[in-house]
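Accompanying notes for the structure given below.
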Amino acid sequence: MDTLTKTKSSAKAKKTVRMAGAAAVVQSLIAEGVDLMFGYPGGAIMPVYDELYKSQDKINHVLVRHEEGATHAAQGYARASGRVGVCIATSGPGATNLVTGIADAMIDSTPMVCITGQVPKHLLGSDAFQECDIIGITMPVTKWNYQITEAAEIPEIFAKAFYIAKSGRPGPVVIDITKNAQFDDLDFVYEKCTKVGSYVARPTVNQEQVEAAAELINEAKRPYILFGQGIILSGAEAELTDLVEKTGIPAAWTIMGLSAMPTDHPLNVGMLGMHGNYGPNIMTNECDVLIAIGMRFDDRVTGNLAKYAKQAKVIHIEIDPAEIDKNVKTEVAVLGDAKDVLKALLPLVNKNTHTDWHKRFKECDKLEYEKVIQKETEPTEGALTMGEAIRGVNELTNGDAIIVTDVGQHQMIACRYAHFNSTKSNITSGGLGTMGFCLPAAIGAKMGAPERDVIAVVGDGGIQMTIQELGVILQTGVNIKILLLNNEFLGMVRQWQQLFFDKRYASTEMVNPDFQLLAQAYGIKAKRVSERADLSDALKEMMEHEGSFFLEVMVGKENNVFPMVPSGAGVGDIRLE
């Protein structure tokens, strides 16, 4: 029996309520536990907004200033809370303005349901005012999408959408609803979805694969764990810690995996990738067994695949079968949810310390500290650095804040140097690298975790892509701290231009507005710092202020982020300067 038949059959046994499609949309959201959503109204979605108006006591709708802001806010909410983020927009340009955030959520595995309005069914394909094929446009960047043209479809499709968005490897779902479906009546009854056809959300763990992985780990002399966001999404933080503590295996993280293990844990060796730590990159090409958990071997992690870990036997623990052997060939692939696999693996691995292997990482750490870290985080002269600003944040938050970053040099610096004690604390745009992500995502994160401090670390380029979302702060009073690290450049692009294009700074120098005045125009207290002697007090003022605060820190215009794996190079070719 298919899902639709099941729903119709079970509906007979339940009392139905006659209502309009727009009301069914809102009731479906309430049934899924949605109490907060982000959006922007328009003609084709107006019936749903009318119903939201009637249900303000159950669902808080946050009016963003641009539809892209709604998607990023929903992402921030989802990543901080662990729940499904929800956003809504009208047809045509409203829907297309969601696409960047949808693509971002897809590549970063963020559970999100996006609702769009559409022209009436009889006008589909007629090039009607604000008609757009959002289903065709979003097909490559959604986990699933569906166009509702009849009111009777609404309960089943919404139940299916939420199940698909949050199960297995999470991702975004788009529901496009024609205007006639919002006006027409249906007999409403809602049943949550628990299964969809042949879709296997949580694969059964193969014990033979787990045993083969354990055998490789127990025989290894130089084993190495790389962990990604799959640890956080599966809730496997405790199992990961148990594994590394039992086996003594050093563990490094992707930027999406950051905060799954406390940054000061002695077996946490640091960040992988293009601007990651020196040891974690170098040791990739020295380990004999590489254990990848909940990560997808992104090119920013691997560098040149022809030079990546060729000496190692690779174990890949992954929930998405499409990622197995896609980029890096495995010796043992264990398909399954990270938490399930690690629970099965833990009893089979031997207790160990790998003391000599750890010494190699310590040697690399010492070299990196002398060449890079000390200069970035503890300068005594010259212009302010991004690293010392992040160090100041660490001292004030003790690693307990949620830090949301945009994309660029400040992102790499924050991910390298921020301290985290608990999971779901690092929120960034990893796979798509979306400038403009930070400000709305920080707003969503604060609303998803209101009890925690949320700090938006952003550059002068990225903030101007979604700076209008300061209007959300003005209207809602949400309390976030905005730390603008201003180098008056599109810093990451400029760094590449300096290193690889003979300092031809083509269209990267920024002539910026007075950010203090802008922030103040939105009712946000603001301050600018350019002297080292003033930084500590300014950061303290920001953190102690009762409402939102905008702190602009003027940093060195041509400072670079090192270490760095040049484009086309292998991880073993990482540069310290």
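Crowding of Arg222 atom CZ: a count of heavy atoms from other residues, nucleotides or ligands under 6.0 Å exceeding 12. The 12-atom threshold is exceeded at NZ of Lys557, counting heavy atoms of other residues, nucleotides or ligands nearer than 6.0 Å. For Tyr505, the OH atom is densely surrounded, since the number of other residues' heavy atoms within 6.0 Å is greater than 12. For CD of Glu451, the number of neighbouring non-hydrogen atoms (other residues, nucleotides, ligands) closer than 6.0 Å is greater than 12.
Counted by atom type alone, Glu552 and Asn486 present one or more donor-acceptor pairs between their side chains at under 3.5 Å. A donor-acceptor contact under 3.5 angstrom links the side chains of Ser425 and Arg452, judged on distance only. Judged by distance alone, the side chains of Asn512 and Gln464 do bring a donor and an acceptor atom under 3.5 Å apart. Of the N and O atoms on the side chains of Asn277 and Glu368, at least one donor lies less than 3.5 Å from an acceptor on the other residue. Counting only N and O atoms by type, the side chains of Ser109 and Gln229 include no donor and acceptor under 3.5 Å apart. Side-chain contact annotation: Gln495 with Gln409, donor-acceptor N/O pair under 3.5 Å present. Arg494 and Asn560 form a side-chain donor-acceptor contact under 3.5 Å, judged by distance and modelled atom types alone.
Distance alone, capped at 3.5 Å, is enough to place a donor-acceptor pair between the Thr254 side chain and the Gly257 backbone. The main-chain N or O of Gly436 is found under 3.5 Å from a side-chain atom of Asp406 such that the two form a donor-acceptor pair. Side chain of Asn285 to backbone of Val571: no donor-acceptor contact under 3.5 angstrom is found. At least one donor-acceptor pair closer than 3.5 Å links the side chain of Asn268 to the backbone N or O of Pro262. Between the side chain of Asn97 and the main chain of Glu67, no donor-acceptor pair closer than 3.5 Å is present.
For the side-chain hydrogen bond (donor to acceptor under 3.5 Å, both in side chains) with Ser429, the lone residue among Asp104, Asp108, Thr100, Thr405 that qualifies is Asp104.
The distance from atom NZ of Lys343 to atom CG of Asp337, rounded to the nearest 0.5 Å, is 9.5 Å. How far CD1 of Ile455 is from CD1 of Ile480: 10.5 Å, rounded to the nearest 0.5 Å. Rounding to the nearest 0.5 Å places CD1 of Ile373 at 7.0 Å from CG of Asp365. The distance from atom OG1 of Thr71 to atom CD of Glu68, rounded to the nearest 0.5 Å, is 5.5 Å. For the atom pair CE of Met283 and SG of Cys364, the computed distance is 4.0 Å after rounding to the nearest 0.5 Å. In this structure, the separation between CD1 on Ile164 and CH2 on Trp144 is 5.0 Å, given to the nearest 0.5 Å.
Aromatic ring orientation, His358 versus Phe361: tilted (interplanar angle from 30° to 60°). Under the 30°/60° scheme for interplanar angles, the aromatic rings of Phe550 and Phe515 are found to lie parallel.
Smallest separation of non-hydrogen atoms from Gly556 and Asn487: O-CB, 3.5 Å. When every heavy atom of Lys143 is checked against every heavy atom of Pro170, the shortest pair comes out as NZ-CA, 4.2 Å. Counting all heavy atoms, side chain and backbone alike, Thr110 lies closest to Ala78 at CG2-CB, 3.8 Å. For the pair Glu388 and Thr385, the tightest heavy-atom approach, listed with the atom from each and the gap, is OE2-N, 2.8 Å. Shown here for Gln497 and Arg504, the closest heavy-atom pair between the two residues is CD-O, 3.4 Å. Taking each heavy atom of Ile403 and Val393 in turn, the nearest pair found is CD1-CG1, 4.2 Å.
Contact check on Arg391 versus Glu395 returns a salt bridge, with a Lys/Arg side-chain nitrogen under 4.0 Å from an Asp/Glu carboxylate oxygen. By the 4.0 Å N-to-carboxylate-O rule, Asp298 lies close enough to Arg296 to be salt-bridged with it. With respect to Lys221 and Asp356, no salt bridge is recorded, no charged nitrogen being found less than 4.0 Å from a carboxylate O. Under 4.0 Å is where a charged nitrogen must lie from a carboxylate oxygen, and between Lys326 and Glu323 at least one such pair does. A salt bridge links Arg202 and Asp340; the closest N-O separation between the charged side-chain nitrogens and carboxylate oxygens is under 4.0 Å.
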Q. Taking it one step at a time, do His275 and Gln411 satisfy side-chain hydrogen bond (donor to acceptor under 3.5 Å, both in side chains)?
A. CA-CA 10 Å; His275 291 288; Gln411 176 190 33; over 6 Å; no
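Using a 4.5 Å cut-off on side-chain heavy atoms (C-beta onward), Leu483 and Val458 make no contact. Using a 4.5 Å heavy-atom cutoff, the side chains of Ile413 and Ile390 are in contact. Taking the side chain as every heavy atom from C-beta outward, Val372 and Leu367 never approach each other to under 4.5 Å.
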Name every donor-acceptor pair, under 3.5 Å, that has one atom in a side chain of residues 311-319 and the other anywhere in the protein, sequence neighbours excluded.
unit_1: Gln311; atom_1: NE2; unit_2: Thr284; atom_2: O; d: 2.9
unit_1: Gln311; atom_1: NE2; unit_2: Cys287; atom_2: O; d: 2.8
unit_1: His316; atom_1: NE2; unit_2: Met295; atom_2: O; d: 2.8
unit_1: Glu318; atom_1: OE2; unit_2: Asp320; atom_2: N; d: 3.0

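The aromatic ring centres of Tyr278 and Phe562 sit 6.0 Å or more apart.
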